[in-house]
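Inspection log for the structure reproduced underneath, given as structure tokens.
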Amino acid sequence: MQANSTEEDLEIRAQAEQLKRGIQAVVPENGLEDKLALSKREKRPLRIKLGLDPTAPDIHLGFAVVLRKLRQFQDMGHQVVIIIGDYTALIGDPSGRSATRPMLSAEEIKKNAETYVDQLARILQRERTEVRFNGEWLGKLDFAEVVKLAAHMTVAQVLQRDDFANRFGAHQPISLHELLYPLAQAYDSVAIRADIEMGGQDQTFNILAGRDLQREMGQAPQAAMFMPLLVGLDGHKKMSKSLGNYVGISEDPVVMFSKIMSLSDEAMKEYFVLCTDVPLDEVEMLLAESTTGRTNPRDVKRRLAKEIVTIYHGDAPSVAADDEWMRVHSAGEVPQDMPVMGYDAAISKAGTVWVCKLLVTVGLATGTGEARRLVQQGAVSVNGEKVPSSEWEPQAGELDGTVLKVGAKRYVKLQRNSQH
RNA sequence: GGGGAGAUACCCGAGUGGCCAAAGGGGAUUGACUGUAAAUCAAUUGCGGAAUGCUUCCGAGGUUCGAAUCCUCGUCUCCCCA
């Protein structure tokens with residue numbers, strides 16, 4: 001008996017260690033171990049909660065960090081409960097925001113939710129994923145019940161939150177309904193009897209509010225696991241679509257690969273830890289080699305890119321993406337795949353094509369003013385030859401099949417569709 | 001309910017009657033350098049086949065030869081008092 005329980009202890013400790021990779025914090029400190037032990041004792045899977053705000057339906061690497069963590073739980077036999085915040089989206093999570101979020105319409109929410117669920121399947125196990133909409137329970141509360149719930153929290157508590165505090169301090173508007181957000185999210189935990197809630201650090205207040213509310217309503221408080229926010233490709237701000245510094249998990253392997261290659265060096269470690277399964281001591285070794293100059297940092301980054309692309313696309317596409325990247329960026333060759341664009345719309349009555357108009361037609365410049373600037377700055381080339389002047393205007397036929405390049409990385413193959 | 005402050009380009013923010021297409025910073029784009037990293041330097045950043053051209057400073061009117069700047073009304077926000 002004694003030996004048995006020690007063995008279990010070891011197993012739990014091993015599992016916990018694995019689950020803690022890349023984790024920022026667990027509250028309470030040994031909450032994870034306790035919950036795992038509870039699961040063993042009661043012979044039931046833990047319920048791991050993750051709330052989603054159905055606002056931006058695309059899943060990028062930053063968000064995948066949490067999902068991959070959930071997947072680890074699933075692989076250990078636990079149950080993941082995804083909560084689509086259709087009701088809370090009516091509020092708009094103020095977390096990390098410096099402004100009130102626009103409220104979404106019911107249709108938008110529904111559409112976003114569907115795309116979400118599809119994408120979740122790329123990382124999570126279907127059988128161990130329960131998807132719930134929080135309108136299911138929040139929608140049933142009547143005003144008296146909301147008031148009763150609201151009595152569990154004080155304004156001072158809510159205003160402790162950094163984002164509210166900052167906005168308050170900066171004299172920016174905070175709508176009353178935003179204050180209800182943490183409460184609603186906390187109630188979700190009660191409704192689904194969460195054992196553990198995952199979230200980014202910006203969710204600290206909301207998740208801890210869940211613990212308080214569960215306790216007050218006679219449930220065992222959930223443990224909180226905080227994932228760090230993955231920095232974006234710029235290496236400074238968090239990854240997000242609106243900042244344009246993201247890598248989507250459904251993106252084309254070649255695009256994904258080259259995006260990762262443009263990552264800041266300082267962020268490499270974080271990416272290795274959070275986005276790959278490369279053992280931590282190996283990561284340390286790779287990074288050490290790159291700083292001492294034994295390995296070109298570029299090649300360590302290639303390894304990183306390859307690991308990540310493999311997770312979402314498989315081995316062969318990953319290797320192919322690497323080859324393509326080396327071919328284009330190291331050997332300076334033209335990429336294999338590039339968008340083919342017709343340029344008939346840019347052909348003048350005289351049968352010539354003015355470069356600036358061409359750039360606009362093909363979508364490489366937003367207006368001829370910008371196009372003119374690009375050409376003048378020497379950013380535009382045709383078949384590898386720099387366009388000499390913004391007034392360059394060749395015969396239409398000369399451009400058919402040529403490669404138009406703008407800046408360092410935007411290529412288009414020109415194609416004439418019809419004769420005029 | 002009373003009093004005060006404010007709304008300027010992607011963001012922050014100067015400008016308080018002509019010298020304003022609007023300082024400065026951030027961001028972004030382009031070039032040099034490089035490992036398509038970072039850092040650094042330089043240019044560009046309302047539109048425009050470019051012109052002493054066109055449309056801008058929350059919205060609608062008004063004053064004026066002339067308005068981002070002054071007046072009126074409206075919308076939104078913040079602060080203080082109750």
Side-chain angles (χ1 to χ4, degrees), chain A residues 97-100 102 164-176 178 231-238 240-247 254-272 286-287 289-305 321-322 324-335 338 345-350 352-361 363-381 386-394 404-411:
Chain A
R97 286 286 175 139
S98 50
T100 306
F164 282 140
N166 291 341
R167 278 163 64 187
F168 194 71
H171 298 174
Q172 279 168 345
I174 299 172
S175 293
L176 192 57
E178 294 181 76
V231 291
L233 295 171
D234 58 281
H236 298 291
K237 293 175 215 135
K238 74 163 187 175
S240 83
K241 190 174 188 187
S242 51
L243 291 173
N245 60 359
Y246 74 105
V247 181
V254 174
V255 174
M256 201 180 224
F257 195 96
S258 50
K259 276 193 176 182
I260 296 166
M261 288 307 289
S262 73
L263 177 72
S264 305
D265 284 9
E266 310 85 74
M268 276 204 282
K269 178 172 184 185
E270 196 179 328
Y271 272 61
F272 266 117
L286 285 167
L287 292 173
E289 282 182 358
S290 79
T291 43
T292 55
R294 276 185 59 198
T295 315
N296 185 336
R298 183 197 63 178
D299 294 324
V300 176
K301 206 178 287 175
R302 275 172 66 202
R303 168 73 188 279
L304 173 68
D322 184 28
E324 172 76 355
W325 187 87
M326 285 302 276
R327 221 173 52 74
V328 174
H329 301 293
S330 204
E333 289 171 38
V334 167
M338 63 186 110
I347 300 172
S348 72
K349 283 188 213 101
T352 59
V353 177
W354 178 40
V355 237
C356 294
K357 186 132 189 226
L358 176 68
L359 287 166
V360 176
T361 304
L364 291 175
T366 55
T368 53
E370 181 185 320
R372 189 185 298 270
R373 220 179 296 128
L374 287 168
V375 176
Q376 279 163 2
Q377 290 178 140
V380 181
S381 68
K386 192 173 283 184
V387 173
S389 135
S390 55
E391 301 312 314
W392 188 62
E393 191 160 353
L404 180 66
K405 182 187 177 196
V406 173
K409 40 191 136 178
R410 289 144 80 203
Y411 295 85

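We find that CG of A:N296 is positioned 5 Å from C1' of B:rG35, with the value rounded to whole Å. The nearest whole Å value for the distance from the NZ atom in A:K237 to the P atom in B:rA38 is 13 Å. When the P atom of B:rA38 is taken as reference, atom CD1 of A:I260 falls 16 Å away, rounded to whole Å. Between A:K357 atom NZ and B:rG48 atom C1' the separation is 13 Å, expressed in whole Å. When rounded to the nearest whole Å, the span between CZ of A:F164 and P of B:rC78 equals 13 Å. Taking atom CD of A:Q376 as the reference point, atom P of B:rU45 lies 10 Å away to the nearest angstrom. Here B:rU34 presents its C1' atom at 13 Å from NZ of A:K409, a figure rounded to the nearest Å. Taking atom CZ of A:R303 as the reference point, atom C1' of B:rG35 lies 18 Å away to the nearest angstrom.
Between B:rA38, B:rA50, B:rG35, one nucleotide has an atom nearer to the side chain of A:R372 than all others, and that is B:rA50. The side chain of A:R410 sits closest to B:rU29 out of B:rG35, B:rA43, B:rU29. The side chain of A:L374 approaches B:rU30 more closely than any other nucleotide in the set B:rA37, B:rA50, B:rU30. Taking every side-chain heavy atom of A:R373 into account, B:rU45 is the closest of B:rU45, B:rG35, B:rU29.
The partner of B:rG31 is B:rC41, judged by Watson-Crick or G-U wobble contacts that both fall below 3.5 Å. With both pairing distances under 3.5 Å, B:rA7 is matched to B:rU75 as a Watson-Crick or G-U wobble pair. If you check B:rA67 for Watson-Crick or wobble pairing at under 3.5 angstrom, you find it has no partner at all. Under the Watson-Crick or G-U wobble criterion, with both distances below 3.5 Å, B:rG1 is paired with B:rC81. The partner of B:rG46 is B:rC54, judged by Watson-Crick or G-U wobble contacts that both fall below 3.5 Å.
Comparing the same atom, P, in B:rG26 and in B:rG35 gives a spacing of 27 Å after rounding to whole Å. Remark: the separation of the P atoms in B:rC10 and B:rA23 is 14 Å, to the nearest Å. The same atom, P, is picked in B:rC19 and in B:rA67; the two are 11 Å apart, to the nearest Å. The separation of B:rA7 from B:rU40, taken at their C1' atoms, amounts to 38 Å, rounded to a whole angstrom. For the C1' atom pair drawn from B:rG1 and B:rU8, the interatomic distance equals 33 Å after rounding to whole Å. B:rU75 and B:rA39 have their C1' atoms separated by 47 Å, with the value rounded to a whole Å. Rounded to a whole angstrom, the distance from the P atom of B:rC20 to that of B:rG15 is 15 Å. Across B:rG25 and B:rC79, the matching C1' atoms stand 27 Å from one another, rounded to whole Å.
Taking every heavy atom of both residues into account, A:S258 and A:W325 meet most closely at CB-CD1, 3.7 Å. When all heavy atoms of A:V231 and A:Y271 are compared, the closest pair comes out as O-OH, 2.6 Å. Minimum heavy-atom separation, A:H236 to A:D234: N-OD2, 2.9 Å. Closest approach of A:I260 to A:K301, counting heavy atoms only: O-CD, 3.6 Å.
Classification of A:R327 and A:E324 as a salt-bridged pair holds, one side-chain N sitting under 4.0 Å from a carboxylate O.
Among the protein residues, A:S258 comes within range of the nucleic acid bases, having at least one heavy atom under 4.0 Å from a base atom. The residue A:K301 sits close to a base: some heavy atom pair falls under 4.0 Å. Looking at heavy-atom distances under 4.0 Å, A:G369 makes contact with a base.
For A:N296 (side chain) and A:S290 (main-chain N/O), no donor-acceptor pair under 3.5 Å exists by modelled atom type.
Between A:L364 and A:L404, the closest side-chain pair of non-hydrogen atoms falls below 4.5 Å.
Both A:D265 and A:A346 lie close to RNA chain B; mapped to their nearest nucleotides by heavy-atom distance, the more 5′-ward contact belongs to A:D265. With the nearest nucleotide of RNA chain B identified for both A:P297 and A:G378, A:G378 has the one nearer the 5' end.
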